[in-house]
Protein chains: 2
Amino acid sequence: MTRRKIQIKNIDNTTARLVTFSKRRKGHFKKAFELSTLCDAEIGLMVFSATGKLFEYASSSMQQVIERHNLHPDNLGKMDQLSLEL
Amino acid sequence: MTRRKIQIKNIDNTTARLVTFSKRRKGHFKKAFELSTLCDAEIGLMVFSATGKLFEYASSSMQQVIERHNLHPDNLGKMDQLSLEL
DNA sequence: CCCGCTATGTATAACGA
DNA sequence: TTCGTTATACATAGCGG
């Protein structure tokens with residue numbers, strides 16, 4: 001991408017992987033914010049690092065996004081009635 | 001961004017907003033895929049357009065990501081025990 | 001680990017068809 | 001409206017603190 005092009009595959013070097021994760025995660029969150037702002041969209045983004053840490057972004061609130069996702073026509077029927085009352 | 005810089009605020013022109021939404025959404029999904037691949041992260045991304053359409057991406061499956069999010073220590077206790085059995 | 005720098009690779013706004 | 005092109009803005013890999 002920058003000083004040198006990289007392959008889109010798991011980064012072997014742990015340090016480099018962590019640094020890349022940190023930087024791209026930040027950029028990705030920014031993009032999510034821009035997309036929701038520019039186009040009046042509701043966005044929910046969840047990221048779990050390889051070490052199990054959770055990072056999330058939601059234009060409204062994650063619970064609201066998840067609930068909306070579960071209530072979406074395409075998903076009703078693909079799951080039980082759980083979360084409907086959240 | 002390109003032929004001209006834009007402000008990060010809701011795009012008034014409907015046509016331009018739809019085009020931008022379509023393009024940025026695609027790019028955003030690609031970024032999500034790259035981040036999960038490069039850094040071995042689990043990612044869930046949900047996007048609801050202003051018209052209510054749902055677009056989603058998950059490195060594994062959205063239900064799995066949502067479940068993991070709900071089971072995350074930081075979220076247990078912030079909600080009821082719903083979704084635990086999905 | 002986080003921050004800044006900067007050369008370069010990418011994403012994309014505005015057009016044209 | 002949808003698609004391809006292209007000039008630019010933006011994101012970021014590799015380093016140094």
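Reminder, nothing fancy here: chain letters follow the sequence lines and each chain counts from 1.
- Contacts of A:Lys5 with the nucleic acid, taken as non-hydrogen atoms under 4.0 Å apart, involve only primed sugar atoms and P, OP1 or OP2.
- Donor-acceptor pairing under 3.5 Å, judged by distance alone, is present between the side chain of A:Arg3 and the base of C:dT6.
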*May I have the step-by-step check of side chain to side chain contact (heavy atoms under 4.5 Å, CB included) for A:Val65 and A:Ile43, ending in yes or no?*
CA-CA 7 Å; A:Val65 173; A:Ile43 296 181; over 6 Å; no

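- Atom NZ in A:Lys30 sits roughly 8 Å away from atom C1' in D:dA11 (whole-Å rounding).
- OP1 or OP2 of D:dT1 sits under 4.0 Å from a side-chain N or O of B:Thr15.
- When the P atom of C:dG9 is taken as reference, atom CD of B:Glu34 falls 15 Å away, rounded to whole Å.
- Backbone-only engagement by A:Thr20 is indicated by non-hydrogen atom pairs under 4.0 Å involving sugar-phosphate atoms exclusively.
- Between A:Phe55 and A:Phe21, the ring-plane angle classifies as perpendicular under the 30° and 60° cut-offs.
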*asked:* Under the criterion side chain to side chain contact (heavy atoms under 4.5 Å, CB included), I'd like the reasoning laid out for B:Glu42 against B:Gln64: C-alpha separation, chi angles, the key distance, then a yes or no.
replied: CA-CA 10 Å; B:Glu42 182 169 18; B:Gln64 186 176 308; 3.1 Å; yes

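- Atom pair A:Asn13:CG and D:dG14:C1' shows a separation of 12 Å (rounding to whole Å applied).
- In this entry the distance linking CG of A:Leu18 with P of D:dG14 reads 14 Å, nearest Å.
- Atom pair A:Lys9:NZ and D:dA13:C1' shows a separation of 15 Å (rounding to whole Å applied).
- For the pair A:Gln7 CD and C:dG9 C1', the interatomic distance rounds to 13 Å; values are reported in whole Å.
- Following rounding to the nearest Å, A:Phe21 (CZ) and C:dC1 (C1') show an atom-to-atom distance of 14 Å.
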*Show your working on side chain to side chain contact (heavy atoms under 4.5 Å, CB included) between A:Gln63 and B:Asn70 and close with a plain yes or no.*
CA-CA 9 Å; A:Gln63 283 306 318; B:Asn70 288 337; 3.8 Å; yes

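- Contact of A:Arg4 with C:dT8 (side chain to base): no donor-acceptor pair of N or O atoms is detected under 3.5 Å.
- The residue among A:Lys26 and B:Gly27 whose nearest nucleotide of DNA chain C lies closer to the 5′ end is A:Lys26.
- Regarding A:Lys23, its NZ atom lies at a distance of 9 Å from the C1' atom of C:dG4, rounded to whole Å.
- With A:Arg17 contributing its side chain and A:Ile11 its backbone, the two residues share a donor-acceptor pair below 3.5 Å.
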